[in-house]
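Below is one structure, written out as structure tokens, with a few remarks after it.
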Amino acid sequence: MSDDQLTQLLVAWGDGDPDALEQLTPLVYERLHQLARSAYRNERGAQTLQPTAVVNEAWLQLANARLELQSRHHFYALAARMMRRILVNHAVARKAAKRGGGQVMLTLEEGQFSAERESEEVLALNEALESLAKRDEELEALLELHYFGGYTTREIAEALDVSESTAKRQLRFARAWVRRALER
């Protein structure tokens, strides 16, 4: 299926077409799984929240929502935000259960973020992203696509309708900004 056809199905679904949702489910669900798997690659530690669980929860919430979608990128950005919320909620619950503290160490390399990092790391990243959003919402959205949506630099450039070199430059800047925020 072409990107334009997928976008048309997403828009039809957003307009309330139940047949569009039925056609979309296998297409979108698989793409969400791909994004989650890429974000979970090379992870350490015991896995308490699997990519499938995050995707299932995000898909259920998205499928039951009334969305006004402009494009497939808009949908995947919403999905990334939903996955971020799920991960943050899970981290809050784990932290409440542990009541632990300590220094936070977070790797901000491409494709290396996942829910399996310690709860404090997820919460620290979320706090840094919220702080970045106060300065520049577009940079926060870019990092959200990257870390929580598993988007590559090329996909970010396409989604934001900028050149790949601009996306790389913005990603470098946003990562540096978040690193500084996490060091404070």
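Remember, it's a predicted structure, so these values are computed and weren't measured experimentally.
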In terms of heavy-atom contacts, does [atom1] of [X] have more than 12 from other residues, nucleotides or ligands at under 6.0 Å?
X: Asp161; atom1: CG; result: no
X: Glu164; atom1: CD; result: yes
X: Glu30; atom1: CD; result: yes
X: Glu158; atom1: CD; result: yes

Nearest-0.5 Å distance, [atom1] of residue [X] to [atom2] of residue [Y]:
X: Gln170; Y: Ser163; atom1: CD; atom2: OG; answer: 8.5 Å
X: Asn126; Y: Glu144; atom1: CG; atom2: CD; answer: 9.0 Å
X: Gln5; Y: Thr7; atom1: CD; atom2: OG1; answer: 10.0 Å

If you compare all heavy atoms of [X] against all heavy atoms of [Y], which two are closest, and at what distance to 0.1 Å?
X: Ile156; Y: Ala167; answer: CG2-CB, 4.2 Å
X: Leu10; Y: Leu69; answer: O-CD1, 3.5 Å
X: Leu145; Y: Ala77; answer: CD2-CA, 3.7 Å

Any donor-acceptor pair under 3.5 Å linking the side chain of [X] with the backbone of [Y]?
X: Asp17; Y: Trp13; answer: no
X: Thr25; Y: Leu21; answer: yes
X: His74; Y: Gln70; answer: yes
X: Ser131; Y: Glu127; answer: no
X: Gln61; Y: Ala58; answer: no

Note to self: One pair to check against salt bridge (Lys or Arg N to Asp or Glu O under 4.0 Å): Glu140 and Arg81. What are the steps and the verdict?
What the structure shows: CA-CA 11 Å; Glu140 183 247 1; Arg81 177 144 300 171; 3.2 Å; yes
Linked, directly or transitively: [X] and [Y] (ILVMFWY side chains, under 4.5 Å):
X: Val11; Y: Leu27; value: no
X: Leu60; Y: Ile86; value: no
X: Phe173; Y: Leu171; value: yes

Notebook entry, point to check: Within 45 degrees of the axis of the six-membered ring of Tyr76 and under 6.0 Å from its centre: does Arg31 put its NZ or CZ there?
Noted result: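 Yes, a cation-pi geometry.
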With side chains defined as the heavy atoms from C-beta onward, is the minimum distance between [X] and [Y] less than 4.5 Å?
X: Leu129; Y: Phe148; result: yes
X: Tyr147; Y: Arg175; result: yes
X: Leu24; Y: Leu6; result: yes
X: Leu139; Y: Trp177; result: no
X: Leu9; Y: Val28; result: no
X: Leu160; Y: Glu138; result: no
X: Arg169; Y: Thr166; result: yes
X: Val54; Y: His90; result: no

Notebook entry, point to check: Can you check side-chain contact (heavy atoms from CB on, under 4.5 Å) on Met83 and Leu32, steps first, answer last?
Noted result: CA-CA 10 Å; Met83 287 190 260; Leu32 291 176; 4.0 Å; yes
Note to self: Is a donor from one side chain sitting under 3.5 angstrom from an acceptor on the other, for Asp19 and Gln23?
What the structure shows: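 The answer is no; no qualifying pair exists.
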Item checked: Pair Glu57 + Arg85, salt bridge at N-O below 4.0 Å -> no
